[in-house]
Amino acid sequence: MKREKLERQAITAELAKLDGWSLDDTGTSISRSFKFRNFVEAFGFMTEAALAAERLNHHPEWLNVYSRVEVKLNTHDAGGLTELDFRLATAMEKAAACRLD
Ligand SMILES: C[C@H](O)[C@H](O)[C@H]1CNC2=NC(N)=NC(=O)C2=N1
């Protein structure tokens, strides 16, 4: 159930609950850039997000350059977006909240 590919309408509804995420052109992934005060804050965020990813058994594609972390989420197994992507995005927002620039 959690790994079922979501329809466009469900994706739009889930996106509306999040802050700062955007859907890619093909509608198969969501992305967001997080900007922190410095590298330690960025890495702290990544550590907390990594633990959430392990709990969900759902892992991000991400890039870190100093204080910036760019995240792209999708479910490879489903070839698109599933509930798991939105759960991980929500966990990431919580992990970022107290650390943002
Ligand atoms: C075997 C393992 O459970 C799967 O490969 C999981 C691991 N983490 C995953 N993460 C993401 N983002 N997509 C997946 O399809 C996925 N599959």
Side-chain angles (χ1 to χ4, degrees):
M1 183 265 200
K2 278 193 275 182
R3 284 174 184 279
E4 253 171 46
K5 199 170 156 180
L6 297 173
E7 301 296 337
R8 194 71 178 217
Q9 201 178 354
I11 292 170
T12 306
E14 289 298 323
L15 261 181
K17 298 182 206 164
L18 297 173
D19 199 31
W21 293 81
S22 52
L23 192 61
D24 74 6
D25 290 344
T26 55
T28 55
S29 67
I30 53 170
S31 305
R32 181 178 163 175
S33 179
F34 293 92
K35 179 79 169 73
F36 300 94
R37 280 181 287 274
N38 52 48
F39 177 70
V40 170
E41 296 292 320
F43 205 85
F45 160 76
M46 292 178 85
T47 303
E48 195 174 331
L51 295 176
E54 272 298 286
R55 276 196 298 275
L56 291 167
N57 186 29
H58 196 66
H59 302 89
E61 181 178 326
W62 56 8
L63 168 76
N64 164 235
V65 181
Y66 183 50
S67 57
R68 179 167 50 90
V69 181
E70 287 175 17
V71 180
K72 181 172 164 179
L73 302 180
N74 84 334
T75 305
H76 338 125
D77 299 351
L81 287 161
T82 66
E83 193 184 317
L84 283 169
D85 296 301
F86 291 96
R87 287 198 187 190
L88 183 55
T90 303
M92 285 183 158
E93 287 199 356
K94 285 200 182 113
C98 57
R99 298 187 170 99
L100 290 174
D101 196 9

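Predicted model only: the values in this text are computed from it and were never measured. One-based numbering, in listed order, for ligands and for the atoms of each.
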Q: Only heavy atoms count here, so choose which of His59, Glu61, Arg3 is nearest to atom 10 (N) of ligand 1.
A: His59
**Q.** The one among Leu56, Leu88, Asn57 that brings a heavy atom closest to atom 3 (O) of ligand 1
**A.**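 Answer by nearest heavy atom: Asn57.
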Q. Between atom NZ of Lys5 and atom CG of Asp77, what is the distance when rounded to the nearest 0.5 Å?
A. 12.5 Å
Within ligand 1, which atoms have a heavy atom of [X] less than 4.0 Å away?
X	answer
Thr75	13 (N), 15 (O)
Asn74	11 (C), 12 (N), 13 (N)
His76	10 (N), 11 (C), 12 (N), 13 (N), 14 (C), 15 (O), 16 (C)

Q.
Is the ring pair Phe43/Phe39 parallel, tilted or perpendicular, if the boundaries are 30 and 60 degrees?
A. tilted
Q) Considering residues, nucleotides and ligands other than Lys35, do more than 12 of their heavy atoms fall under 6.0 Å from its NZ? A)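 Check passes, neighbour count above 12.
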Q: Let me know which of Asp85, Thr75, Asn74, Asp24 forms a side chain to side chain donor-acceptor pair (under 3.5 Å) with Ser29.
A: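 Exactly one candidate clears the test, Asp24.
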Q. Is the closest protein non-hydrogen atom to atom 1 (C) of ligand 1 under 4.0 Å?
A. no
Q.
For a 4.5 angstrom cut-off between non-hydrogen side-chain atoms, does Phe34 reach Met92?
A. yes
Q.
Does Arg37 form a side-chain contact (heavy atoms from CB on, under 4.5 Å) with Ser67? I'd like the steps, not just the answer.
A. CA-CA 6 Å; Arg37 280 181 287 274; Ser67 57; over 6 Å; no
Q | Top protein contact for atom 17 (N) of ligand 1, by heavy-atom distance | A | Asp77 OD2, 3.2 Å
